[in-house]
Participant: 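Supplied in structure tokens, the structure appears directly below.
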Amino acid sequence: METEVRLESSLWVGIKRYRAVLSGWHFNWTEVDKKNRDKKTISVPVAEVVGVEEGRVEILPQKSVEDTDKDFTVFYVKRISSGSSCGLLWRLGRIQFSCPSRVLRDQWTKHLRTALKTHSPLRPNRLLVFINPFGGKKKGRKIYHSLVAPLFELAGISSHVVVTERANQARDHLLKKDLTGFDGVVCVGGDGMFSEILHGLIGRTQQEAGLSENDPTVALQPCPLHIGIIPAGSTDCVCYATVGVIDAVTSALHIIIGDSQPLDVCSVHQASALMRYSVSLLGYGFYGDVLAESEKHRWMGPLRYDYSGTMVYLSNRSYAGIVQYLPADPLLSSPRDRTRCLSGCSVCSRSTERLFRHSSESGSLYSSHFSQFSSDSEGEWVSVEGRFRCVSLTCMSSSCPKSPLGLSPSAHLADGTGDLILVWDTHPLGFLKFLYRHTSTEDQFDLPFVEVHRVKAVRFSLPSGKEEEVYKETGGLREGIDEEERGYIETVSRNGSQQHLAERDTGQEMTNEQKMATPFLCGLCCSKAPAKSVWNCDGEILSSTEILCRIHGQLVRLYARGIEDGAAMHNCGKENDNCQMGCTLNK
Ligand SMILES: CCCCCCCCCCCCC/C=C/[C@@H](O)[C@H](COP(=O)(O)O)NC(=O)CCCCCCCCCCCCCCC
Ligand SMILES: Nc1ncnc2c1ncn2[C@@H]1O[C@H](COP(=O)(O)OP(=O)(O)O)[C@@H](O)[C@H]1O
Ligand SMILES: [Ca+2]
């Protein structure tokens with residue numbers, strides 16, 4: 001058995017004397033001064049020590065080392081308030097110690113390095129980095145080279161950097177090239193870039209395991225490589241929802257110390273073919289239309305979503321559909337329980353135990369999920385039919401700066417379930433209220449035309465023979481719709497729209513380009529409205545409307561640890577009541 005590293009001695013920081021202690025999981029130092037009556041100690045978990053260097057080392061404005069033989073410098077993670085959000089910003093802390101002798105200095109550096117290896121075994125040595133130079137505000141390259149690369153260098157991480165020249169280059173690289181020697185893959189970009197990495201890594205892992213991604217009943221193999229995200233995109237939802245802030249330095253530090261956050265992934269199938277994977281937003285109706293519209297305005301950068309969101313809202317659409325879902329165990333958690341999935345979440349930990357227990361019992365990590373798709377359990381499916389403003393499925397909260405608590409504030413990152421949000425057709429002001437609540441702590445599910453279900457799988461199809469009907473423009477809509485009434489609110493066929501819709505329903509799927517050219521906003525200027533929307537799958541338009549989705553628990557791992565509750569750590573800099581971003585949820 002390995003013996004516990006313990007070291008304690010007097011050290012100097014400038015002209016002040018400190019008592020420094022390395023024991024168990026912590027390294028701490030306390031000023032030895034009569035005035036320091038309350039014995040203020042700085043304590044750093046060994047796992048959060050970024051690096052230990054001999055001499056007096058500076059890294060800004062550039063790295064310099066003053067090679068003195070009695071000094072050593074410790075770099076560590078320091079937390080600061082992020083201002084508006086509850087997650088905490090991480091910064092590089094630095095302290096230079098002087099020892100009475102060189103022997104003691106060498107003892108300190110040796111012991112600290114040994115402790116570091118023991119307490120954070122997932123630190124990467126070698127990373128494969130993909131930079132999308134065109135994501136978000138087109139600052140990916142600058143962000144990586146000025147903020148991230150110097151930290152990786154300090155931590156002794158070697159990286160192979162690929163600046164992409166086309167879409168899907170990163171995905172193809174991961175599917176085909178030799179990945180030996182890499183501990184993780186880092187993407188510098190937005191949710192679209194993350195999605196490429198996700199597809200590449202999941203695909204590669206299944207190829208090597210000899211598993212078919214097309215079959216929704218197959219228990220997919222979890223990916224061995226970790227994914228790091230340096231946010232440089234438009235929405236950056238995956239980063240925000242797993243770290244709590246959009247900040248390149250914070251994310252780089254999570255990568256360096258080898259944090260590990262498992263993440264649920266949803267596979268989306270049409271008939272028996274895999275279409276895509278999704279982690280954040282799989283949305284039909286409003287979110288599909290916003291994406292289709294926004295593609296025409298890419299030049300606007302991140303603003304394209306606000307512009308298109310407003311235009312699509314004004315076009316006032318709803319769509320008919322049949323949604324079937326397989327509910328998750330209601331005893332484990334609920335999307336309305338007003339808890340939040342934070343760092344160290346107990347619901348997710350129990351889920352890990354459950355998955356591993358099944359794995360040791362049956363030999364396959366996810367084989368317990370098999371039965372859910374067998375014909376015996378078909379009875380468990382629930383089916384609803386009607387007209388929807390939007391149908392959304394998310395495997396996690398999907399919080400982002402636009403919506404700091406997200407699409408489903410109580411969703412869990414790694415519990416093996418997703419939240420299905422059904423927004424039935426309603427009055428435009430009702431829908432605006434629903435959207436607006438995403439920007440505050442007000443419960444967007446507490447509206448009579450909204451339902452949320454925690455699910456393991458979802459099917460969506462179009463009602464047969466209904467596809468030529470359009471919504472009748474009556475003043476009869478209201479927020480409080482009865483159980484029996486909502487669903488089939490009166491619909492009517494119109495001559496003009498029949499022709500328009502028939503064009504879209506000839507049985508041939510349109511290409512993405514055709515879809516983007518579809519006049520989504522025709523509702524603004526004429527009465528024609530398409531019968532179908534499109535699916536927005538993490539920012540990509542799907543080419544099919546009728547789909548089957550299945551959640552795969554903890555299929556990938558990120559270099560992250562979930563959102564740290566700033567208020568709970570007394571580090572947020574704000575009182576609970578003053579933190580707008582939902583700390584109050586945990587009261
Ligand atoms: C009235 C204000 C309403 C604000 C409503 C905010 C809801 C935001 C939910 C966002 C969930 C985000 C899930 C993440 C999706 C991303 O994977 C994906 C790709 O991101 P990438 O381009 O960075 O690669 N992003 C998206 O698909 C973008 C979806 C964004 C929808 C934003 C809609 C803004 C709506 C503004 C409506 C305004 C109505 C005003 C009426 C007068
Ligand atoms: N070099 C490139 N040229 C064009 N598109 C790219 C390139 N690299 C990546 N992409 C694609 O750009 C899309 C958007 O990238 P992303 O980084 O998510 O930015 P944003 O958040 O602004 O959408 C992704 O779907 C990705 O596949
Ligand atoms: Ca989940």
Side-chain angles (χ1 to χ4, degrees), residues 130-138 140 162-171 187-197 199 229 231-241 262-266 278-283 286-295 298 301-302 304-314 328 333 335 341 345 347-348 351 390 392 394-408 410-419 428-429 431-440 444 454-456 536-541 551-554:
F130 292 101
I131 303 177
N132 175 3
F134 304 114
K137 295 182 187 147
K138 304 192 171 67
V162 178
V163 179
T164 61
E165 287 168 359
R166 60 171 176 90
N168 292 326
Q169 183 182 340
R171 184 200 63 188
C187 63
V188 185
D191 292 331
M193 201 55 193
F194 170 79
S195 179
E196 275 200 34
I197 307 294
H199 284 79
I229 306 172
S234 298
T235 318
D236 294 319
C237 163
V238 185
C239 177
Y240 197 94
L263 196 65
D264 297 337
V265 177
C266 173
S278 158
V279 293
S280 55
L281 169 65
L282 183 64
F286 181 74
Y287 293 111
D289 292 356
V290 172
L291 182 66
E293 179 61 23
S294 74
E295 288 298 316
R298 262 208 166 263
R304 69 190 181 278
Y305 292 129
D306 301 293
Y307 173 78
S308 311
T310 308
M311 297 311 272
V312 171
Y313 170 77
L314 292 173
S333 63
C341 179
C345 170
V347 172
C348 292
S351 170
C390 58
S392 315
T394 180
C395 288
M396 56 183 200
S397 70
S398 286
S399 52
C400 58
K402 261 193 193 62
S403 172
L405 292 180
L407 290 173
S408 189
S410 296
H412 290 274
L413 291 170
D415 66 339
T417 76
D419 286 354
L429 277 179
F431 188 53
L432 185 62
K433 196 188 268 183
F434 168 75
L435 288 176
Y436 187 73
R437 287 191 181 182
H438 287 79
T439 63
S440 70
Q444 65 261 39
R454 192 147 283 176
V455 301
K456 291 184 283 193
N536 172 346
C537 179
D538 291 1
E540 284 287 321
I541 294 174
I551 319 290
H552 299 263
Q554 308 192 359

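Ligands are counted one by one from 1 in listed order, and the atoms in each one are counted from 1 as well.
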Participant: Can you report which non-hydrogen protein atom sits closest to atom 19 (O) of ligand 2, along with the distance?
Facilitator: G135 CA, 3.4 Å
Participant: Is a side-chain donor or acceptor of S351 paired with a backbone partner of V347 at a separation under 3.5 angstrom?
Facilitator: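 Answer holds: no.
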Participant: Using a plain distance cutoff, I'd like to know if G233 has any nitrogen or oxygen under 3.5 Å from a nitrogen or oxygen of ligand 2.
Facilitator: no
Participant: Identify which protein N/O/S atoms are less than 3.0 Å from the Ca ion (ligand 3).
Facilitator: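 Those protein N, O or S atoms (cut-off: under 3.0 Å from the Ca ion (ligand 3)) are D264 OD2, C395 O, H412 O, D415 OD1, T417 O.
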Participant: Can you find an N or O of R166 that's nearer than 3.5 Å to an N or O of ligand 2?
Facilitator: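 There is such a contact, yes.
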Participant: Answer with side chain, backbone, both or neither: which part of D236 has a heavy atom less than 4.0 angstrom from an atom of ligand 2?
Facilitator: neither
Participant: Identify, with sequence neighbours excluded, every residue that meets side chain to side chain contact (heavy atoms under 4.5 Å, CB included) alongside A328.
Facilitator: T417, R454, K456
Participant: Measure the distance from atom 27 (O) of ligand 2 to every protein heavy atom, then report the residue, atom name and distance (to 0.1 Å) of the closest one.
Facilitator: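 Nearest protein contact, heavy atoms only, for atom 27 (O) of ligand 2 is E196 OE2, 2.3 Å.
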Participant: Under 3.5 Å between any N/O of M193 and any N/O of ligand 2: does that happen in this structure?
Facilitator: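 Looking only at distances, the answer is yes, because the N/O contact criterion of under 3.5 Å is met.
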Participant: Given N132, I131, V188, identify the one with the heavy atom nearest to atom 10 (N) of ligand 2.
Facilitator: N132
Participant: Quick check: does any side chain N or O of N536 sit under 3.5 Å from a backbone N or O of Y287, one acting as donor and the other as acceptor?
Facilitator: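 Yes: the side chain of N536 pairs with the backbone of Y287.
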Participant: For A414 and P262, work out which heavy atoms get closest and say how close.
Facilitator: CB-O, 3.4 Å
Participant: Could you list each nitrogen or oxygen of ligand 1 that sits under 3.5 Å from a protein nitrogen or oxygen, with the atom names and the distance?
Facilitator:
from: ligand 1; atom 1: 17 (O); to: D191; atom 2: OD2; distance (Å): 3.4
from: ligand 1; atom 1: 17 (O); to: S280; atom 2: OG; distance (Å): 3.3
from: ligand 1; atom 1: 20 (O); to: T235; atom 2: OG1; distance (Å): 3.0
from: ligand 1; atom 1: 22 (O); to: R304; atom 2: NH2; distance (Å): 3.3
from: ligand 1; atom 1: 22 (O); to: Y305; atom 2: OH; distance (Å): 2.5
from: ligand 1; atom 1: 23 (O); to: S234; atom 2: N; distance (Å): 3.4
from: ligand 1; atom 1: 23 (O); to: T235; atom 2: N; distance (Å): 2.8
from: ligand 1; atom 1: 23 (O); to: T235; atom 2: OG1; distance (Å): 3.3
from: ligand 1; atom 1: 24 (O); to: D191; atom 2: N; distance (Å): 3.4
from: ligand 1; atom 1: 24 (O); to: G192; atom 2: N; distance (Å): 2.9
from: ligand 1; atom 1: 25 (N); to: T235; atom 2: OG1; distance (Å): 3.3
from: ligand 1; atom 1: 27 (O); to: N536; atom 2: ND2; distance (Å): 2.8

Participant: Which of the atoms in ligand 2, numbered in the order shown and given with their element, are less than 4.0 Å from a heavy-atom of E540?
Facilitator: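 Listed by number with element: 25 (O).
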Participant: Could you find the nearest protein heavy atom to atom 4 (C) of ligand 2 and give me its residue, atom name and distance?
Facilitator: A167 N, 3.9 Å
Participant: What class does the angle between the rings of F434 and H438 fall in, given that below 30° is parallel, 30 to 60° is tilted and above 60° is perpendicular?
Facilitator: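 Taking H438 first and then F434, their aromatic rings stand perpendicular (interplane angle over 60°).
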Participant: Any idea which part of K137 is under 4.0 Å from ligand 2, heavy-atom wise: side chain, backbone, both or neither?
Facilitator: neither
Participant: With atoms numbered from 1 as shown, which atoms in ligand 2 lie under 4.0 angstrom from a non-hydrogen atom of G189?
Facilitator: 17 (O)
Participant: Report yes if A232 has an N/O atom closer than 3.5 Å to an N/O atom of ligand 2; otherwise report no.
Facilitator: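 No: no nitrogen or oxygen of A232 is under 3.5 Å from one in ligand 2.
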Participant: Keeping the roles fixed (side chain from T164, backbone from I131), state whether a donor-acceptor pair exists under 3.5 Å.
Facilitator: yes
Participant: Give the contacting part of R298 toward ligand 2: side chain, backbone, both or neither, where contact means a heavy-atom distance below 4.0 Å.
Facilitator: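 Only the side chain of R298 comes within reach of ligand 2.
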Participant: Y313 vs F431 aromatic rings, parallel, tilted or perpendicular, using cut-offs 30° and 60°?
Facilitator: parallel
Participant: For the 3.5 Å polar cut-off, considering only N or O atoms, please tell me whether P133 and ligand 2 meet it.
Facilitator: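 No.
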Participant: Quick one: does T164 get an N or O within less than 3.5 Å of an N or O on ligand 2?
Facilitator: yes
Participant: Among all protein heavy atoms, pick out the one at the shortest distance from atom 20 (P) of ligand 2; state its residue, atom name and that distance to 0.1 Å.
Facilitator: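 For atom 20 (P) of ligand 2, the nearest protein heavy atom is S234 OG, 3.4 Å.
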Participant: Can you tell me if Q169 contacts ligand 2 (heavy atom of the residue under 4.0 Å from the ligand)?
Facilitator: no
Participant: Backbone N or O of E295 within a donor-acceptor pair of the R298 side chain at under 3.5 Å?
Facilitator: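 Not a single qualifying donor-acceptor pair exists.
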Participant: What residues form a side chain to side chain contact (heavy atoms under 4.5 Å, CB included) with Y436, not counting sequence neighbours?
Facilitator: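 Y436 satisfies side chain to side chain contact (heavy atoms under 4.5 Å, CB included) with T439 only.
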